Enquirer: 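I am attaching a structure below and will ask some questions about it afterwards.
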Amino acid sequence: MLLSMDNVSTGYGKAQVLKNININIEKGEIVALIGANGAGKTTTLRCINGVIRPWEGCIRLNNKEINSLQPFELVSLGISYCPEGREIFGNLTVFENLKVGGYLVKKRDKLNSNFDWIYSLFPILKDRRNQIAGSLSGGEQQMLAISRALMSNPMLLFLDEPSLGLAPVVVENIFATIQQINSEGTSILLVEQNVILALDIANRAYVLEKGEIRLCGECKELSRSEYVKNSYLGII
Ligand SMILES: Nc1ncnc2c1ncn2[C@@H]1O[C@H](COP(=O)(O)OP(=O)(O)OP(=O)(O)O)[C@@H](O)[C@H]1O
Ligand SMILES: [Mg+2]
């Protein structure tokens with residue numbers, strides 16, 4: 001097991017958001033986390049990434065507890081987080097944004113090969129490497145946000161709503177690249193409101209409702225479930 005959340009509960013201040021969450025990710029998988037607005041998807045990612053702490057329960061990476069680690073410590077252990085809303089540095093160039101993502105990579109050769117890898121995944125970023133990131137299109141900014149998270153060579157990548165606000169053709173391109181990143185060895189936890197897309201590229205999925213896991217299973221099975229069809233796929 002690469003990552004496990006066992007009976008994790010957490011929230012903000014005194015307000016509980018997540019209740020007894022159990023999620024597992026095996027090496028090599030794409031796991032989707034789906035659910036309505038406010039279900040607690042981003043909170044789940046923040047909790048694994050050390051932005052907020054579990055109140056109860058245990059988070060393990062390769063069977064070692066990581067409950068109390070800081071976000072930068074998790075990056076050095078191979079977890080990388082591409083947040084909702086991208087949060088790129090708008091006044092830095094594309095190149096500078098990527099350099100920030102690779103700040104833990106000390107060897108120049110490795111850093112250079114990471115840049116080559118990113119530019120092969122998203123060639124448009126190479127063309128625009130000296131452009132101020134704030135002036136990129138929405139799709140290019142999302143590509144940059146994913147790429148910045150990849151600069152640390154994560155074994156586990158968290159993506160929070162990579163399709164948000166993007167045109168279908170751009171989403172198609174980004175999702176094809178997410179599959180390529182996975183096929184090259186990075187395991188992925190994907191938060192998506194586009195359920196059709198998420199179930200299409202993931203191996204397994206968890207359905208989060210009001211802070212609790214309502215359903216989980218293989219995507220093929222979930223897409224056939226009446227409940228998922230009615231509630232998330234708009235099929236009656
Ligand atoms: N910083 C915060 N302080 C207090 N409450 C918060 C905070 N962030 C989120 N919440 C609350 O936690 C609940 C879950 O929010 P979360 O952002 O995890 O949902 P989500 O599933 O990611 O939703 P969306 O699809 O809209 O991104 C919501 O009720 C939200 O209001
Ligand atoms: Mg969210």
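Keep in mind it's a predicted model, so treat the numbers as computed, not measured.
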Enquirer: Strictly by salt bridge (charged side-chain N to carboxylate O under 4.0 Å, His left out), give each pair with a member in residues 21-42 just once, sequence neighbours left out.
Expert: E29-R204
Enquirer: Taking the side chain as C-beta and beyond, is there a heavy-atom pair between W117 and E184 under 4.5 Å?
Expert: yes
Enquirer: Show which side-chain atoms of residues 70-83 pair as donor or acceptor with protein atoms under 3.5 Å away, not counting sequence neighbours.
Expert:
residue : atom : partner : partner atom : Å
E73     : OE1  : Q70     : N            : 2.7
S76     : OG   : E73     : O            : 2.7
S80     : OG   : A149    : O            : 2.6

Enquirer: Of all heavy-atom pairs between S147 and F122, which one has the smallest distance, and what is that distance?
Expert: OG-CD1, 3.2 Å
Enquirer: Counting only N and O atoms by type, is there a donor-acceptor contact under 3.5 Å from the side chain of N97 to the main-chain atoms of T93?
Expert: yes
Enquirer: Can you name the nearest heavy-atom pair linking C47 to V8, along with the distance?
Expert: SG-CG1, 3.9 Å
Enquirer: In terms of hydrophobic clustering (I, L, V, M, F, W, Y; side-chain heavy atoms under 4.5 Å; direct or indirect links), are F158 and V17 co-clustered?
Expert: yes
Enquirer: Residues in side-chain hydrogen bond (donor to acceptor under 3.5 Å, both in side chains) with R129, at least two apart?
Expert: none
Enquirer: Taking the side chain as every heavy atom from C-beta outward, state whether I25 and L156 have any atom pair closer than 4.5 Å.
Expert: yes
Enquirer: Starting at OG of S187, measure out to CE of M155 and round the result to the nearest 0.5 Å.
Expert: 8.5 Å
Enquirer: Would you confirm whether N203, through its side chain, and I30, through its main-chain N or O, come within 3.5 Å as a donor-acceptor pair?
Expert: yes
Enquirer: When you group the ILVMFWY residues by side-chain heavy-atom contacts below 4.5 Å and let the links chain together, are L121 and F95 in the same group?
Expert: yes
Enquirer: Check whether V191 and I201 end up in the same hydrophobic cluster, where Ile, Leu, Val, Met, Phe, Trp and Tyr are linked by side-chain heavy atoms less than 4.5 Å apart.
Expert: no
Enquirer: Apply side chain to side chain contact (heavy atoms under 4.5 Å, CB included) to S4 and list each qualifying residue two or more places apart in sequence or on a separate chain.
Expert: M1, D6, N24, R60
Enquirer: Show every salt bridge (charged side-chain N to carboxylate O under 4.0 Å, His left out) that has at least one partner inside residues 133-143, sequence neighbours left out.
Expert: R128-E140
Enquirer: Can you tell if the side chain of L233 reaches within under 4.5 Å of the side chain of I196, non-hydrogen atoms only?
Expert: yes
Enquirer: Heavy atoms, side chains only, cut-off 4.5 Å: are Y206 and L208 in contact?
Expert: no
Enquirer: Tell me, which pairs form a salt bridge (charged side-chain N to carboxylate O under 4.0 Å, His left out) where one or both residues lie in residues 92-112, sequence neighbours left out?
Expert: none
Enquirer: Going by the rule salt bridge (charged side-chain N to carboxylate O under 4.0 Å, His left out), which residues pair with D200 if we only count those two or more places apart in sequence or in a different chain?
Expert: none
Enquirer: Taking all atoms of both residues into account, what is the closest heavy-atom pair of N114 and M151, and its distance?
Expert: ND2-O, 2.9 Å
Enquirer: Between the main-chain N or O of N173 and the side-chain N or O of T177, is there a donor-acceptor pair closer than 3.5 Å?
Expert: yes
Enquirer: List the residues meeting salt bridge (charged side-chain N to carboxylate O under 4.0 Å, His left out) with R214, not counting sequence neighbours, and say none if there are none.
Expert: E209
Enquirer: Without placing hydrogens or testing angles, list every side-chain donor-acceptor pair under 3.5 Å for residues 160-172, not counting sequence neighbours.
Expert:
residue : atom : partner : partner atom : Å
D160    : OD2  : T42     : OG1          : 2.7
S163    : OG   : E192    : OE1          : 2.9
S163    : OG   : E192    : OE2          : 3.0

Enquirer: Give me the atom names and distance for the closest heavy-atom approach of A205 to L199.
Expert: CB-CD2, 3.7 Å
Enquirer: Running the 4.5 Å side-chain criterion over Ile, Leu, Val, Met, Phe, Trp and Tyr, what cluster does L92 land in, apart from itself?
Expert: F89, V100
Enquirer: How far apart are the closest heavy atoms of I34 and A198, and which atoms are they?
Expert: CG2-CB, 4.1 Å
Enquirer: Are V207 and L45 linked, directly or through intermediate hydrophobic residues, by side-chain heavy-atom contacts shorter than 4.5 Å (ILVMFWY only)?
Expert: no
Enquirer: Just so I know, are the side chains of L157 and L150 near enough to count as touching, which here means a heavy-atom distance under 4.5 Å?
Expert: yes
Enquirer: Is T186 reaching over with its side chain to a backbone N or O of N182, donor-acceptor style, under 3.5 angstrom?
Expert: no
Enquirer: Is there a side-chain contact between L144 and L136 in this structure, where contact means two heavy atoms from C-beta onward sitting under 4.5 Å apart?
Expert: yes
Enquirer: Test: side chain to side chain donor-acceptor pair (under 3.5 Å). Region: residues 8-19. Which pairs qualify, not counting sequence neighbours?
Expert: Y12-T43, Y12-R46
Enquirer: Going by heavy atoms in the side chains, are L159 and L189 under 4.5 Å from each other?
Expert: no
Enquirer: Which distance, rounded to the nearest 0.5 Å, do you find between the CD1 of I59 and the CG of L69?
Expert: 9.5 Å
Enquirer: For side-chain contact (heavy atoms from CB on, under 4.5 Å), just list the numbers for N22 and I213, CA-CA rounded to whole Å, side-chain angles, deciding distance to a tenth of an Å, and then say yes or no.
Expert: CA-CA 7 Å; N22 290 291; I213 301 291; 5.7 Å; no
Enquirer: What's the separation between atom CD1 in I66 and atom CD1 in I48, rounded to the nearest 0.5 Å?
Expert: 7.5 Å
Enquirer: Could you tell me the separation between the CG atom of L125 and the CE atom of M143, rounded to the nearest 0.5 Å?
Expert: 7.0 Å
Enquirer: Taking a hydrophobic cluster as the set of Ile, Leu, Val, Met, Phe, Trp and Tyr residues connected by side-chain heavy atoms closer than 4.5 Å, whether directly or through intermediates, do L98 and I174 fall within one such cluster?
Expert: yes
Enquirer: Quick one, E212 and N20 - any side-chain contact, counting heavy atoms below 4.5 Å?
Expert: no
Enquirer: For the residue pair G11 and I52, what are the closest heavy atoms and their distance?
Expert: O-CD1, 4.2 Å
Enquirer: Could you tell me which residues satisfy side chain to side chain contact (heavy atoms under 4.5 Å, CB included) with S135, sequence neighbours excluded, listed by chain and number?
Expert: Q131, I132
